[in-house]
Amino acid sequence: MGYYLGADLGTSALKLLLVDTNGKIIKETTKNYRVCFPNPGWSEQNPEDWWSAFVSGVKELINGIDTSQIKGIGVGGQMHGLVVLDKDDNVIRPAILWNDGRTDKETAYLNEVIGKEKLSSLTANIAFAGFTAPKILWLLNNEPENFTKINKIMLPKDYLNYKLTGIHSTDYSDASGMLLLDVKNKRWSNEMLKICSISKGQMPTLFESFEEIGTILPDIAAQLNLNANIVVVAGAGDNAAAAIGTGTVTDGKCNISLGTSGTVFVSSDKFSVDKNNALHSFCHASGSYHLMGCILSAASCNSWFCEEILGSNDYVKEQANITDDKLGSNDVFFLPYLMGERSPINDTDARGTFTGMRMDTTRADMLQAVLEGVAFAIRDNFEIVKEQGINITCSSLCGGGAKSELWQKILCNVLNVDITLLQTEQGPGYGAAMLAMVGCGEFDNVEECAAKFVKINKSITPDTKINARYETQYNKFKEIYPTLKNLFKKIK
């Protein structure tokens with residue numbers, strides 16, 4: 001029997017899992033840290049806070065455990081964040097996160113001057129404000145002194161791997177979201193690096209997610225009370241890691257994640273790009289490819305409305321009055337664009353709105369609109385997947401929002417697909433531990449590992465009456481953003 005440590009470096013917290021070779025979670029712990037918003041639309045974190053959380057979390061996790069049995073570590077993490085190190089490997093400035101919206105000028109430059117067609121030919125994607133390349137250009141344009149200090153560029157989870165091993169690495173799934181990787185051929189795009197005024201020498205070494213990058217440095221092993229021979233694998237971006245943990249590893253399988261952000265993740269054996277680049281075409285942690293749509297605010301919409309607006313953290317109580325007869329019959333609509341929006345509209349100016357309120361509108365009506373608005377935004381991405389000729393009839397569901405039975409029902413009927421909940425739903429951390437197992441030779445490949453560990457706990461099927469009502473509601477929802485799009489530009 002051996003143990004594997006899986007980490008999920010999230011936006012608000014680091015979650016750590018200790019998993020045995022049978023896939024059983026032995027222990028888990030969570031360490032929170034702050035997100036800083038120094039200006040409207042900005043979002044930053046100090047990478048040292050991640051490392052401090054990792055150190056304290058690991059010590060707590062391994063307390064009472066025979067650490068000689070720990071064989072490997074895998075880390076899944078928030079994507080797109082810009083971490084920059086100087087020649088002494090010190091952090092130059094706070095990391096600019098995935099949900100930061102400051103790069104509208106740089107994003108416009110890439111899409112309109114360099115051109116979407118060229119970007120797609122080089123990287124299989126177009127520029128989105130959250131991607132890493134626009135952040136690099138922002139640093140060049142706004143903080144030239146910091147830009148000249150850059151010796152290494154990496155992503156958030158890669159900073160933890162660097163601290164563990166001393167190796168500057170990243171994996172293909174996470175690198176896909178930088179707009180610097182030739183996704184189809186799995187190599188850095190020299191032309192994109194040139195466009196961003198950086199060199200290949202400043203980039204981390206590329207690995208498959210399940211590949212070993214090294215072992216723990218002796219002094220770090222002593223600090224963590226671990227053995228120095230523990231293998232560290234490259235890990236994966238959070239969505240790809242979550243897909244491993246949910247078994248979304250074979251062609252055509254789908255997973256929806258309702259975390260801080262929301263994603264539609266479709267695994268594919270073949271590389272493909274949709275005609276408008278509305279979805280991301282990325283490498284998968286399994287070694288293949290995937291299509292992904294990402295909405296920037298998902299479960300965060302629910303927490304914002306309940307906690308900040310209603311002053312309540314009792315989510316179950318707030319949802320109690322939303323009964324089946326009300327589903328698909330709400331007069332209130334909500335655009336969930338609290339941080340702008342990525343897929344499929346790619347608009348940093350977009351904002352959250354309530355539409356259709358009257359004097360008799362209740363707090364339950366507004367909360368229902370929030371849950372439905374997120375589901376409709378997920379549906380927007382489903383429609384693009386359908387245009388690719390991919391017919392999704394079933395999807396697994398993970399993330400904090402997936403715990404709500406009401407939200408499960410809403411999504412199932414808005415999307416008109418079966419929804420499955422898994423026996424073990426630990427998202428990126430569990431997937432990262434599975435990647436470590438593959439890297440250490442417990443399994444020959446990711447598919448074999450997923451087939452053994454991922455089991456369905458519950459299935460939900462659409463209700464024909466509720467689905468029919470939601471079809472009508474979705475058609476109304478689709479008209480709200482186009483109507484308000486130009487207004488958003490004036491009020492930003």
What pair of heavy atoms forms the shortest contact from [X] to [Y], and how long is it?
| X | Y | value |
| --- | --- | --- |
| Val183 | Asn125 | CG2-ND2, 4.1 Å |
| Ala95 | Trp50 | CB-CH2, 3.7 Å |
| Leu110 | Pro134 | CD1-CG, 3.8 Å |

Quick one: are [X] and [Y] in side-chain contact, heavy atoms under 4.5 Å?
| X | Y | value |
| --- | --- | --- |
| Val75 | Asn161 | yes |
| Lys163 | Leu160 | no |
| Pro94 | Gln45 | no |
| Leu85 | Asn90 | no |
| Phe354 | Phe333 | no |
| Asp8 | Leu16 | no |
| His168 | Asp89 | yes |
| Asn277 | Val273 | yes |

Is a donor on one side and an acceptor on the other found under 3.5 Å between the side chain of [X] and the backbone of [Y]?
| X | Y | result |
| --- | --- | --- |
| Asp100 | Ser43 | yes |
| Asp347 | Asp349 | yes |
| Ser300 | Ser297 | no |
| Gln78 | Gly10 | yes |
| Gln202 | Ser199 | yes |
| Trp188 | Pro204 | yes |
| Ser176 | Phe282 | no |
| Thr123 | Ser120 | no |
| Glu60 | Gly57 | no |
| Glu208 | Ala285 | no |

Report the C-alpha distance between Leu180 and Cys196 in whole Å, list the side-chain angles of each, state the deciding distance to 0.1 Å, and finish with yes or no for side chain to side chain contact (heavy atoms under 4.5 Å, CB included). CA-CA 9 Å; Leu180 298 171; Cys196 293; 3.9 Å; yes
Do the side-chain N and O atoms of [X] and [Y] include a donor-acceptor pair separated by under 3.5 angstrom?
| X | Y | result |
| --- | --- | --- |
| Glu48 | Tyr159 | yes |
| Thr248 | Asn255 | no |
| Trp98 | Ser261 | no |
| Thr170 | Asp158 | yes |

Thr132 and Leu155: CA distance, side-chain angles, deciding distance, side chain to side chain contact (heavy atoms under 4.5 Å, CB included) verdict: CA-CA 9 Å; Thr132 317; Leu155 296 155; 3.7 Å; yes
Run through Arg102, Arg93, Lys149 and flag the one making a salt bridge (Lys or Arg N to Asp or Glu O under 4.0 Å) with Glu143. Arg93
Which residues pass the ring pair (Phe, Tyr, Trp, His ring centres under 6.0 Å) test with [X], sequence neighbours left out?
| X | value |
| --- | --- |
| Tyr315 | none |
| Trp51 | Phe54 |
| Phe131 | His80, Phe128, His280 |
| Phe265 | His284, His290 |

Applying salt bridge (charged side-chain N to carboxylate O under 4.0 Å, His left out), which residue pairs with at least one partner in residues 173-184 are found, sequence neighbours left out? Lys157-Asp174, Asp182-Arg187
Can you tell me which residue pairs pass the salt bridge (charged side-chain N to carboxylate O under 4.0 Å, His left out) test with a partner in residues 274-289, sequence neighbours excluded? none
Show me, pair by pair, the donor-acceptor contacts under 3.5 angstrom made by side chains of residues 216-244, not counting sequence neighbours?
{"unit_1": "Asn239", "atom_1": "OD1", "unit_2": "Thr263", "atom_2": "OG1", "d": "3.2"}

Audit row: Val266, Lys253, side chain to side chain contact (heavy atoms under 4.5 Å, CB included) steps and yes/no: CA-CA 6 Å; Val266 182; Lys253 290 204 73 173; over 6 Å; no
Can you pull out every side chain to side chain donor-acceptor pair (under 3.5 Å) where at least one residue sits in residues 106-118? Sequence neighbours excluded, please. Thr103-Thr107, Glu106-Asn141, Lys118-Glu191
Go through it in stages, so that I can follow the logic: the residues are Ile345 and Tyr481, the test is side chain to side chain contact (heavy atoms under 4.5 Å, CB included), and I'd like the CA-CA distance, side-chain angles, deciding distance and then a yes or no. CA-CA 9 Å; Ile345 63 173; Tyr481 167 72; 3.6 Å; yes
For Tyr4, which residues count as a side-chain hydrogen bond (donor to acceptor under 3.5 Å, both in side chains) partner, sequence neighbours excluded? Glu442
For Asn46, all residues meeting side-chain hydrogen bond (donor to acceptor under 3.5 Å, both in side chains), sequence neighbours excluded: none
side-chain contact (heavy atoms from CB on, under 4.5 Å) filter on Asn63, not counting sequence neighbours, yields Lys27
With sequence neighbours left out, write down each residue that passes side-chain contact (heavy atoms from CB on, under 4.5 Å) with Ala450, or none if nothing qualifies. Val249, Met434, Val454
Please check if atom CD in Glu479 has more than 12 non-hydrogen atoms from other residues, nucleotides or ligands closer than 6.0 Å. no
For this output row, return yes or no: ring centroids of Phe271 and Tyr289 closer than 6.0 angstrom. yes
So CD1 of Ile73 and CD1 of Ile70: to nearest 0.5 Å the spacing works out to 7.5 Å
Whether Trp42 and Trp138 hold their rings parallel, tilted or perpendicular, with breakpoints at 30° and 60°: perpendicular
